[in-house]
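Order of the sequence lines sets the chain letters (A, B, ...), proteins ahead of strands, with each chain counted from 1. Small disclaimer: the values here were computed from a predicted structure and weren't measured.
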Amino acid sequence: MSVEPLLKVNGLTKMYGARIGCADVSFDLWPGEVLAIVGESGSGKTTLLSCLSTRLEATSGSVEYHMRDGAYRELSRLTEAERRFLMRTDWGFVHQNPADGLRMTVSAGANVGERLMAIGHRRYGEIREAASDWLSRVEISPTRIDDQPRAFSGGMRQRLQIARNLITGPRLVFMDEPTGGLDVSVQARLLDLVRGLVHDLGLSAIVVTHDLAVARLLSHRMMVMKDGHVIEQGLTDRVLDDPREPYTQLLVSSILQV
Amino acid sequence: MPHPLEVSRVAKSFTMHLRDGIRLDVVRNVSFSVPAGKCVVLGGPSGVGKSSILKMLYGNYGVDSGEIRILHCGAPVDLATADPRTVLEVRRETLGYVSQFLRVVPRVSALDVVAEPLVARGAATDQARDRAATLLARLNLPETLWALPPATFSGGEQQRVNIARGFITDHTVLLLDEPTASLDARNRQVVVEMIREKKNAGTALLGIFHDEEVRDAVADEILDVSAFSAREMAA
Amino acid sequence: MSGLATYNFAYLDEQTKRMIRRAILKAIAIPGYQVPFASREMPMPYGWGTGGVQVTAAILGPSDVLKVIDQGADDTTNAVSIRAFFQKVANVEVTTRTKEATIIQTRHRIPEEKLTEGQVLVYQVPIPEPLRFLEPRETETRKMHALSEYGLMHVKLYEDIARNGHIATTYAYPVKVEGRYVMDPSPTPKFDNPKMHMSEALQLFGAGREKRIYALPPFTDVVSLDFDDHPFTVQSFEKPCALCGAEGVYLDEVVLDDRGGRMFVCSDTDYCEDRRAQGFLGDQGVPLKEAAE
């Protein structure tokens, strides 16, 4: 078992002028661990995700990443080339809207194979085989390999986006409301798929969601955010079953029961 | 540490912020231990905090004070203060829990629900499924159900899936929350046998059993939780 | 009054020429890199070669000999007009003979005759950005060039193979320059791509509407992108040129009648005439002297 965290976050703060995006967030993320960040719209969870994934520059604080060579690197000090390389090899980012994470006008196969081509794979046959394999793994029939995502349903697009991200064997995946906008039955299938992949591949993941059921199903640990601050964090089932903070109790008590 | 599970001076209260912040004291000064190969049963009237104690021991509820020491991989770990990662590791390797209700995951078959704790510990999927099948067969769950997600199962069927899931590993400490509540006599008897086998294997068991017949059949010691109850104090 | 008096030499004012020359020098210093420049309004519409014309105007001297071709031909409207333009505004000597030219402005072809040291080939470029059709954001394509992130180019080729079983891109086929920048060779047929590699001539590319200049200095390494299992190949033609019998050259299809009659002839008219003058004859060709009579 690896004994070093994959990500070390310390005092991460993002200000939008005088307004707080997120404030003084600190945590470690361990290999194989799934962390859910929950809170309602405007709570700062997406800002936090953007800062963690270097899509947004933090105002202060640090995020250190355990590179494959074993060294910790402060992400804000990486060159843009290093950062982008990291993002398309060792990381994945699953957007809420698949159109933001896919190339809608190129085929499913090319969408999935793009990362391989980007890191220098130059055998068409191998790229296609890998793409086909990944389509199966996300439960898309390989016969759809030459179809464009425009012809796919929302759930399929989301699964395609996941395959596109995972083909390079990333160690860390960021997900922004991965089930947002999907039908409940489609959500369940996606969650089950993600759960399985995370386990099989030993992925670490940071999942932003406003859906506590998603957090319960996917995550080991969760952080509750309100007004840019992390107000409660801990083991997912403990936070959900024994919430301490008034706001967390409100959130948990607001879950619809079926 | 002489016993696999030792609890000392544990207290638990809930603060209900949505109800004007009233504080609900549940238990206080909970102290007991569970020896290897023994089954300790939590007794006392309902509402006295038995389930809460199990949930604290499993890390599902936080505790206000006190220690929950569990022998994990040869060393004691205090679950009352352990970080989430340690709690998860203890659950994976040492501490099992059969809850009253099965929390079903969409689309996962009953067989895989049962096999999961073994797979999580690194067992081959096929072997884990074989073992799961053996347990489900023993608990008389019709084989036609094994490949289905348990969401639509009856209470008794779900409970048997839950029991199989809890018993599939060789965790050294096992918590049982009313495992036989909705079972018929035949399956209750199966569970009693399974508990006896765990005892013989040296597992430390802590359970809640309302069924007196089962309780008498498995209990080595009955602990009256009323002694720890903090309800009167708070009232 | 002669027409020349009203124009500065080669139409553009000297400050503009200096600005363009600076862009050209920078482009030569960074082979394959697109240098922005302040493209001027020219007395012809965009799409007619305003970029190439500005580059030519900036490098043209009184002693230069200019050749202008369009799809390989010296006698098409675009070529004739641009040639006439420079005759008028620079009074330079013009030619149709590749060998004699010091500057060749071209639209969509590279002459068959091997270019030599001292010659300059000026390309008219409609869309200089090879990544454009896959990535519409200029900010993003610039970043991709800066960081040498060219996976997307192969996505395009992948799509070709997936759809057609082979790389179906036949013109504007992307190349990598000196192992660094991916470059659009302008809409020349891929047949001409190998001619860019290690060319003795200086190659300049001007895109007027898009306001970019890029260049290949002499002896630059130019590699056409491909897959290991789908390597780059050029077009081959079943029959030689019907007029001059040349093989291994790029041919144009000429429709002869409305009954399906057609012939394939050299797209490079100067090359074809030159061969016929030397006595080579294709199966539908007639000797030059007879043709002239």
query = Could you walk me through whether Lys12(B) and Asp242(A) pass the salt bridge (charged side-chain N to carboxylate O under 4.0 Å, His left out) check?
reply = CA-CA 11 Å; Lys12(B) 172 70 187 167; Asp242(A) 184 14; 2.5 Å; yes
message = I need the contact set between residues 142-170 of chain B and chain A: heavy-atom distance under 4.5 Å, sorted by residue number.
response = none
remark   = By residue number, those in residues 119-130 of chain B with heavy atoms under 4.5 Å from heavy atoms of chain A are Val119(B), Ala120(B)
request  = Using non-hydrogen atoms and a 4.5 Å limit, figure out which bit of Arg19(B) sits close to chain A: side chain, backbone, both or neither.
outcome  = neither
remark   = In short, Arg238(A) meets Leu79(B) closest at the heavy-atom pair NH2-O, 4.1 Å
request  = Heavy atoms only: give me the nearest Leu88(B)-His220(A) pair and the separation to one decimal.
outcome  = CD1-CB, 3.4 Å
request  = Give a yes or no answer on whether the side chain of Asp241(A) reaches the backbone of Asn60(B) with a donor-acceptor pair at less than 3.5 Å.
outcome  = no
query = For Trp30(A), does its backbone N or O pair with a side-chain atom of Arg85(B) as donor and acceptor, under 3.5 Å?
reply = no
query = When rounded to the nearest 0.5 angstrom, what distance separates OG in Ser253(A) from CE in Met16(B)?
reply = 10.0 Å
Could you tabulate the donor-acceptor pairs under 3.5 Å formed by side-chain atoms of residues 224-235 of chain A, not counting sequence neighbours?
unit_1	atom_1	unit_2	atom_2	d
Glu232(A)	OE1	Arg244(A)	N	3.2
Glu232(A)	OE1	Glu245(A)	N	2.9
Glu232(A)	OE1	Thr248(A)	OG1	2.8
Glu232(A)	OE2	Arg244(A)	N	2.9

message = So if I take each residue of residues 154-162 of chain A and look for any heavy atom under 4.5 Å from a heavy atom in chain B, which residues do I end up with?
response = none
Would one find more than 12 heavy atoms of other residues, nucleotides or ligands at under 6.0 Å from atom [atom1] of [X]?
| X | atom1 | value |
| --- | --- | --- |
| Asp20(B) | CG | no |
| Phe101(B) | CZ | no |
| Glu129(A) | CD | no |

key: Qualifying residue, where the test is side-chain hydrogen bond (donor to acceptor under 3.5 Å, both in side chains) with Asp237(A) and the options are Arg103(B), Lys55(B), Arg91(B)   = Arg91(B)
remark   = Comparing Arg221(A), Glu33(A), Arg189(A), Arg195(A) against chain B, the one with the most heavy-atom pairs below 4.5 Å turns out to be Arg189(A)
request  = Under 4.5 Å heavy-atom distance to chain B, tell me which part of Leu250(A) shows up: side chain, backbone, both or neither.
outcome  = both
